[in-house]
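Report on the following structure.
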Amino acid sequence: MSARDDYLARIGTLIRDARQHSGLTQSELATELRTSQSAVNRIEKGQQNLTLEMIARIGTALDSEIVSVGTSGPSHLRVKGGTQLSGAIDVKSSKNAGVALLCASLLNEGTTILRKVARIEEVNRLLEVLSSIGVRTRWLGDEGDLELVVPAQLDLAAMDEAAARRTRSIIMFLGPLMHRVDQFELPYAGGCDLGTRTVEPHMTALRPFGLKVVATEGSYYVDAARGVGPERPIVLTERGDTVTENALLAAARYDGVTVIRNASPNYMVQDLCFFLEKLGVGIEGIGTTTLRVTGKPRINTDVDYAPSEDPIEAMSLIAAAIVTQSSITVRRVPIEFMEIELALLEEMGFRYDRSAEYAAENGQTRLVDITTYPSDLRAPIDKVHPMPFPGLNIDNLPFFAVIAATAQGQTLLHDWVYENRAIYLTELNKLGARVKLLDPHRVLVDGPTHWSGTEIVCPPALRPAVVILLAMLAAKGTSVLRSVYVINRGYEDLAERLNALGAQIETFRDI
């Protein structure tokens with residue numbers, strides 16, 4: 001195979017992975033690109049010459065920075081591994097809570113101030129959408145504080161469609177907008193089949209409020225009936241975080257009591273509940289699977305709220321310490337959402353100290369500081385699998401792949417929630433790991449690993465991408481992780497913050 005053919009094949013594989021992660025078929029991507037399915041098939045097989053313009057169009061359609069021309073900012077990471085980390089680092093505020101609170105700001109006719117919001121790509125996309133429909137948004141100072149003022153009348157016709165299609169969180173506009181507008185349209189990424197499948201669990205939660213949604217090719221058409229509310233408890237068919245949040249957003253301004261059963265009690269849902277309470281909404285059962293919401297038909301409150309810290313980022317930083325055999329202090333860890341992970345790590349032989357608990361700025365979430373110590377780990381006896389809170393967090397499971405690769409023995413990981421996410425964990429093999437894919441949901445990890453540097457194209461899934469970066473920190477020699485836009489969607493300045501602990505990560509872009 002020539003160098004050119006190899007390059008086309010690598011680009012084709014990257015496009016295929018990004019398309020599958022976006023939930024699109026080849027036919028749906030072809031429609032977005034105004035080309036044929038056979039052309040998309042040839043592209044993914046590396047049998048089609050591609051212009052930079054076409055690669056950029058594909059990247060936009062798939063929300064994946066496959067190529068970036070003439071833009072600022074890093075695209076790739078060069079990692080000099082094999083060094084220990086040291087020092088202390090603060091966990092940043094929760095990405096998922098920040099996203100939910102941005103959507104919830106649409107409920108409020110007063111001024112909303114959110115403290116230390118993560119400046120990540122997902123937040124940027126939502127701010128672009130909010131600004132386009134008339135919400136006044138501005139950053140205050142350098143700490144990530146954000147002010148939002150929602151106008152009396154939203155201009156939904158002016159919505160930034162490109163930005164809306166690049167954030168899955170747009171679906172959480174359904175709950176707040178139904179209180180403001182009788183009929184509206186929401187753009188989303190993907191075709192009609194994908195839209196119907198994505199919105200159906202949300203409709204279970206929102207139909208009792210009189211909401212009707214029809215998914216067409218790339219848009220949700222919404223009819224809202226004012227003043228309609230549930231006559232009996234809403235039972236969610238899946239205990240999803242965003243589904244629970246949408247139900248809460250709908251209940252917040254319903255003039256009555258809503259009972260939500262099988263609700264997610266996860267960290268971002270709790271933050272949303274605490275925020276809604278500050279808006280005057282009554283909520284009983286926070287942290288449980290049954291929520292009783294007493295709504296407030298009109299909300300006009302100047303509110304100041306600080307979302308709590310991100311347990312997934314906390315897990316990322318602890319995993320970085322474990323794989324590099326480092327002693328660091330991770331401050332402001334939301335312990336309530338890390339207890340199962342830490343108990344499992346203790347069982348594997350992880351040594352650490354934990355400070356006394358103290359309150360987060362929201363006055364509710366319990367935080368601790370964790371100091372890690374170099375530890376000789378052994379594989380756990382049972383398989384590692386996620387569960388809804390209070391189980392091991394679904395987003396934290398991938399970190400146990402790189403941790404298990406450093407442990408003595410064999411670990412079975414069962415990622416039953418996501419289709420195909422476990423497949424990306426086999427990319428660790430390129431760095432020296434022994435990860436065997438048993439099926440799309442299960443991998444078997446043999447440790448310990450003698451890591452060695454290499455070059456890898458970033459998978460389109462956020463957590464597996466970070467897992468590969470952590471393995472590169474442990475690998476002797478120099479590694480390159482290409483096309484890291486997916487990491488920037490979920491983490492703020494991750495490379496720079498790891499460098500502050502002694503990592504050697506250089507950001508660069510191809511000329």
Side-chain angles (χ1 to χ4, degrees), residues 76-89 312-330 341-342 344-345 348-352 370-380 384 396-411 413 424-436 443-459 461-482 484 487 491 494-507:
H76 318 302
L77 299 176
R78 184 178 290 113
V79 184
K80 290 183 181 176
T83 58
Q84 285 188 316
L85 309 178
S86 62
I89 185 168
I312 316 304
E313 181 177 290
M315 184 70 204
S316 311
L317 298 170
I318 291 169
I322 290 172
V323 301
T324 58
Q325 287 283 305
S326 301
S327 179
I328 65 171
T329 298
V330 184
E341 285 82 342
L342 287 168
L344 178 55
L345 289 171
M348 295 175 69
F350 176 48
R351 297 187 305 115
Y352 70 99
I370 287 178
T371 300
T372 70
Y373 299 108
S375 308
D376 294 321
L377 301 187
R378 57 191 174 275
V384 181
N396 276 339
L397 182 77
F399 298 107
F400 280 90
V402 70
I403 290 169
T406 71
Q408 187 75 42
Q410 196 172 71
T411 303
L413 268 64
Y424 299 121
L425 298 174
T426 60
E427 290 287 280
L428 291 170
N429 293 343
K430 296 175 182 176
L431 290 154
R434 298 188 302 283
V435 180
K436 182 180 180 183
V443 293
L444 203 58
V445 184
D446 270 305
T449 301
H450 298 290
W451 302 104
S452 57
T454 190
E455 180 172 321
I456 296 177
V457 175
C458 213
L462 171 58
R463 308 306 171 184
V466 177
V467 163
I468 290 167
L469 174 60
L470 299 185
M472 288 178 170
L473 291 178
K476 286 188 169 65
T478 300
S479 299
V480 172
L481 187 58
R482 291 195 166 271
V484 295
I487 293 177
Y491 290 78
L494 181 60
E496 292 86 341
R497 295 169 65 227
L498 289 170
N499 284 345
L501 295 173
Q504 298 179 62
I505 306 172
E506 174 195 355
T507 56

Name every donor-acceptor pair, under 3.5 Å, that has one atom in a side chain of residues 467-479 and the other anywhere in the protein, sequence neighbours excluded.
from	atom 1	to	atom 2	distance (Å)
S479	OG	T454	N	3.2

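- Closest approach of I328 and L317 over heavy atoms only: CD1-O, 3.9 Å.
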Trace of the side chain to side chain contact (heavy atoms under 4.5 Å, CB included) decision for F350 with I318: CA-CA 10 Å; F350 176 48; I318 291 169; 4.0 Å; yes
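- Between the side chain of S375 and the backbone N or O of R351, at least one donor-acceptor pair lies under 3.5 Å.
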E313/R497 under side chain to side chain contact (heavy atoms under 4.5 Å, CB included): CA gap, chis, key distance, verdict: CA-CA 12 Å; E313 181 177 290; R497 295 169 65 227; 2.9 Å; yes
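- Across every non-hydrogen atom of L413 and A401, the tightest pair is CD2-N, 3.5 Å.
- Taking each heavy atom of Y352 and T372 in turn, the nearest pair found is CB-CA, 4.2 Å.
- Rounding to the nearest 0.5 Å places CD1 of I322 at 12.0 Å from CG of L85.
- Side-chain contact check for V443 versus Y424: every heavy-atom pair is 4.5 Å or farther apart.
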Pair T83-T324, side chain to side chain contact (heavy atoms under 4.5 Å, CB included): steps then yes or no: CA-CA 7 Å; T83 58; T324 58; over 6 Å; no
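- Here the shortest heavy-atom pairing between R378 and G349 reads NH1-CA, 3.8 Å.
- Note that the CZ atom of R463 and the CG atom of L397 stand 12.0 Å from one another [nearest 0.5 Å].
- To the nearest 0.5 Å, atoms CZ (R482) and CD (E455) are separated by 4.5 Å.
- From Q325, atom CD reaches atom CG of D376 across 6.0 Å, with rounding to the nearest 0.5 Å.
- The side chain to side chain donor-acceptor pair (under 3.5 Å) analysis of residues 399-408, with sequence neighbours excluded, yields no pairs.
- Atom CG of L494 sits about 7.0 Å away from atom OG of S316, to the nearest 0.5 Å.
- Taking the side chain as every heavy atom from C-beta outward, S86 and S327 never approach each other to under 4.5 Å.
- The shortest side-chain heavy-atom distance between P380 and T411 falls under the 4.5 Å cut-off.
- For the pair I403 and A319, the tightest heavy-atom approach, listed with the atom from each and the gap, is CD1-CB, 4.0 Å.
- The minimum heavy-atom distance between A320 and L498, with the atom names listed, is CB-CD2, 4.4 Å.
- Put simply, CZ on R78 and CG on L481 are 12.0 Å apart, with the number rounded to the nearest 0.5 Å.
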L428 vs V445, side chain to side chain contact (heavy atoms under 4.5 Å, CB included): CA-CA, chis, key distance, verdict: CA-CA 10 Å; L428 291 170; V445 184; over 6 Å; no
